[in-house]
Peer 1: 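Would you mind keeping the following structure in view while I ask a few things?
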Amino acid sequence: MHSARYDYGQNGKHERINFLSNNEKVPPKQKKGIVVGVIVALLVLAAVAGVLIWLFVFKANSGTTLSSRRSPRTIVFSGHMKLADVPFDQKLEDISSKEFTDLASNLEDVIGECIKKDSFLAKYYNTSVVTAFSHGVIGFYWSKFDVPGSDLEMVPEFSEERMLDALETAVQGSRSIMSPRSLKISEVTAALTDPRMARNPRSVECFYVLEAEEGKIKTFASPGYPTGYTSKSRCQWQIRASEKNSILVDFPIFYIEDYCPDDFVYIYDSLSSDEYQAITQKCGQRPPSNPLAVASSGNFMLINFIIDSDVQRPGFEAQYTAIPLSNVTTCGGILMETEGVFTSPLYPRFYPPAVDCKWTIKVAPGSKVRVKFTMFRMKEPRVDIHVCHKDYVEVMGTKYCGEMTSLALTSNNNVLEVNFHSDKSYTDKGFSAEYSAYDPADPCPGKFACASGICIAKERKCDGWNDCGDMSDEIKCKCDKEQFPCDNGLCKPRMWVCDHVNDCGDGSDEKRCSCEENEWRCGNGVCLPQDVVCDNKQDCIDGSDEASCKSSPGICSEFSFICNNNECVNKVNAECDRVNDCSDNSDEAGCDCGTRPYKLNRIVGGQNAELGEWPWQVSLHFMTNGHVCGASIISDKWLLSASHCFVTNDPANHVASNWQTYSGMQAQYKQDGVQHRAVKTIISHPNYDHMTFDYDIALLELSDPLQFTNTIQPICLPSASHVFPAGTSCWVTGWGAQREGGQVSMMLQKASVKIINDTVCDMVTEGQVTSRMLCSGFLAGGVDACQGDSGGPLVCFEESGKWFQVGIVSWGEGCARRNKPGVYTRITKLRDWVQKETGI
Ligand SMILES: *[C@@H]1O[C@H](CO)[C@@H](O)[C@H](O)[C@H]1NC(C)=O
Ligand SMILES: *[C@@H]1O[C@H](CO)[C@@H](O)[C@H](O)[C@H]1NC(C)=O
Ligand SMILES: *[C@@H]1O[C@H](CO)[C@@H](O)[C@H](O)[C@H]1NC(C)=O
């Protein structure tokens with residue numbers, strides 16, 4: 001019987017569920033004296049969200065279900081109600097006061113009676129609890145329903161609409177029989193909520209009410225911090241501040257098990273766990289360079305801490321304070337300089353919910369405006385980034401949201417408006433942008449102007465690389481002889497042709513490469529009859545015909561993974577893939593490697609590595625020369641590097657005591673968290689050839705073992721049979737030293753590279769590569785600095801979730817010359833030697 005009105009808000013989508021009083025709509029049978037009709041503003045996604053939540057509830061509990069018997073479910077709705085005629089009394093904020101208890105039980109009765117009028121809800125109803133009151137007067141509540149195992153198919157019937165329908169009777173003036181007086185309710189919200197967040201402040205442990213004050217920073221921490229939390233923790237912090245204040249909460253330390261369905265912190269811009277006013281949900285470990293820091297849009301905030309796993313982590317430490325609300329909501333303005341920076345409110349803290357800002361950038365007449373976002377992260381659950389119906393940045397009629405690594409825009413005239421909108425739920429880091437004025441007649445003096453308006457070096461035009469980000473530097477090009485002309489007019493380095501990757505975008509670089517339909521194409525491009533595949537005989541030079549055979553039990557080839565018990569596993573990359581393939585499980589032993597503990601943001605266009613991003617990277621310092629070579633951590637006592645760092649004309653290079661190692665380093669000048677170890681032994685490969693750089697591998701034994709930390713971790717070494725196909729994207733890291741002028745970068749650099757087809761590699765290096773070498777070429781990043789450090793690692797991420805080191809930076813025509821590959825020592829070929837020398 002309620003009438004629903006669909007309020008589409010300003011951008012065509014709903015933001016929340018709400019009952020608002022509406023005097024025009026008076027249901028026919030209503031008694032007078034008590035309010036009123038109802039508008040339901042329904043979120044377009046409500047049904048979807050409901051299903052998702054149902055799936056989550058259903059799934060979360062199904063782990064414990066026995067196939068013969070189904071476990072009961074708990075359904076919880078959270079929300080708030082506005083009490084029209086109740087004057088606010090400060091004592092209502094005190095949950096132990098009589099005023100609180102009286103009003104809470106009165107409201108709980110009203111809710112209970114409303115629910116009991118819906119026979120379906122009544123059947124499963126357990127209880128309702130009012131958890132807080134705030135100015136308004138707003139009462140925050142949750143209601144709980146128990147569904148027995150036999151009725152699980154009823155779970156989807158618990159919709160937010162049904163709950164709102166039931167509570168509507170309260171808006172229409174339900175009178176509690178038990179209560180001394182009736183309550184006028186003018187607004188109701190209800191959201192399906194994870195039952196673990198339904199806490200009764202009057203009867204549970206680990207419930208806190210905190211008072212944030214201006215100018216004071218106070219702290220709280222998760223239980224057991226820093227030793228570690230316990231499983232089945234359920235905690236809640238209600239943080240309040242005085243009116244017209246906003247609350248800021250920072251988490252300098254945040255370390256929770258990295259599996260959000262079990263363990264998480266959920267923060268609300270409300271005092272109930274109301275999805276439509278969620279700020280964020282987080283788990284995992286955050287590095288100090290990317291802390292969690294949030295703000296409220298009003299004078300309260302709710303923080304939930306939920307732990308179900310048995311894994312013990314330290315938890316979190318939080319700081320909170322209050323600032324005037326005007327400081328949070330004041331944003332935007334008129335920018336009139338020729339260049340400058342502007343950011344989302346409170347950046348780099350998460351922006352607050354429910355703010356709108358507008359910047360008007362105004363430069364001299366005749367000039368135009370260029371805006372480049374150096375950081376852009378406005379991600380929300382269940383948002384289509386093509387529509388951006390929740391939070392967004394809007395420039396010239398286009399909305400942007402999600403996470404973007406390169407966004408640059410230019411204006412049509414000398415004024416550019418940038419609008420920022422955040423709705424009531426879910427916030428994120430926001431953005432930081434640089435703007436500048438430019439002359440449209442010469443937008444990029446001495447440089448090439450991309451369509452987006454950004455400038456790139458002239459040499460980057462038509463070099464086969466999408467430097468502009470919008471391809472505008474690569475159209476209308478005449479290809480030179482080192483380049484392949486794509487059918488769509490792009491020019492690509494010849495080394496990308498026939499590498500199984502569609503580099504042109506139209507597939508033309510891969511078109512004339514394939515074999516006939518009934519043929520198999522080996523890695524080197526040779527075509528063989530299809531029946532050579534998995535015949536337990538190596539037909540292709542690279543063995544690709546036998547590498548991916550599922551079942552040829554017991555048969556050992558060069559491409560089998562060999563277990564400790566000498567069993568052979570014929571499966572591509574069987575080691576450390578979280579599946580036990582060997583009967584002695586030796587393929588999954590020694591897999592404590594190749595992971596990075598910290599949660600990292602993708603930073604726009606970054607070449608600087610983030611703290612903890614490459615925790616196996618080591619800096620090798622030689623005598624007084626500072627950093628000269630890179631290395632990687634393969635165990636707490638062993639590092640892997642290149643022979644050519646140690647075997648030189650100068651015998652001093654081979655003296656262990658002349659070398660110092662620094663692990664956990666990001667900036668060369670910063671020592672925090674860095675572990676310094678001396679070198680005990682240097683083992684360079686006996687076959688190392690300083691003319692050809694063949695066998696360019698060396699092992700360093702450390703004087704003392706490393707202590708693994710968030711920023712110091714070993715990399716996984718691939719087994720001899722591990723396959724890294726041409727075209728795989730990998731990363732090379734280093735401070736860049738020794739070659740091309742020898743300039744060392746202060747910050748650890750990273751660059752994305754692609755493994756190059758061996759035939760092509762051999763060709764472009766004029767036959768200088770041996771089977772102990774492999775090539776990779778730059779894809780992105782690392783274009784200005786000499787990236788690869790001799791001895792440093794080339795690492796690839798496997799879908800099984802681990803990083804493997806595929807190569808050691810060895811030689812090449814300059815470390816970052818585009819269109820010229822870098823050459824790396826091929827670790828798979830030398831894996832047995834490493835094992836023999838170190839036991840790893
Ligand atoms: C509500 O649930 C609790 C425990 O989950 C149970 O002990 C209690 O009997 C239930 N109450 C009602 C009215 O169903
Ligand atoms: C709030 O804004 C005022 C005026 O802009 C400023 O002086 C003050 O420092 C700000 N306070 C905080 C806590 O940011
Ligand atoms: C490598 O490149 C050569 C020459 O372009 C080509 O014939 C061969 O098929 C390529 N190999 C792979 C694995 O794509």
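All ligand and atom numbering here is 1-based and tracks the order in the structure.
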Peer 1: Tell me whether Lys144 has any N or O atom under 3.5 angstrom from an N or O of ligand 1.
Peer 2: yes
Peer 1: Aromatic contact between Phe300 and Tyr268, with the criterion being ring centroids under 6.0 Å apart: yes or no?
Peer 2: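 Not under 6.0 Å, so no.
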Peer 1: Compute the minimum heavy-atom distance from Asp146 to ligand 1 and say whether it is under 4.0 Å.
Peer 2: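 Flag set, Asp146 near ligand 1.
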Peer 1: Tell me, please, whether Tyr320 has Lys218 positioned over its six-membered ring: NZ or CZ under 6.0 Å from the ring centre and within 45 degrees of its axis?
Peer 2: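 No, a cation-pi geometry is absent between Lys218 and Tyr320.
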Peer 1: Does a salt bridge link Glu257 with Arg313, judged by any charged N lying under 4.0 Å from a carboxylate O?
Peer 2: yes
Peer 1: With side-chain hydrogen bond (donor to acceptor under 3.5 Å, both in side chains) as the rule and sequence neighbours excluded, what pairs involving residues 89-103 come up?
Peer 2: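 Checked against side-chain hydrogen bond (donor to acceptor under 3.5 Å, both in side chains) - neighbours excluded - the pairs reaching residues 89-103 are Gln90-Glu93, Glu93-Arg240, Asp94-Ser96, Lys98-Asp102.
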Peer 1: Anything under 30° is parallel, anything over 60° is perpendicular, the rest tilted; go ahead and classify Phe158 against Phe145.
Peer 2: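 Plane angle between 30° and 60°, so tilted.
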Peer 1: May I ask you to check whether Phe431 and Tyr351 place their ring centers less than 6.0 Å from one another?
Peer 2: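 So the answer is no for these two rings.
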Peer 1: Measure and list all N/O to N/O distances between ligand 2 and the protein that fall under 3.5 angstrom.
Peer 2:
from	atom 1	to	atom 2	distance (Å)
ligand 2	2 (O)	Asn327	OD1	3.0
ligand 2	2 (O)	Asn327	ND2	2.5
ligand 2	11 (N)	Asn327	ND2	2.6
ligand 2	14 (O)	Asn327	ND2	3.0

Peer 1: If the plane angle is over 60° it's perpendicular, under 30° parallel, otherwise tilted; pick one for Tyr435 and Phe342.
Peer 2: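 The rings of Tyr435 and Phe342 sit tilted, inter-plane angle from 30° to 60°.
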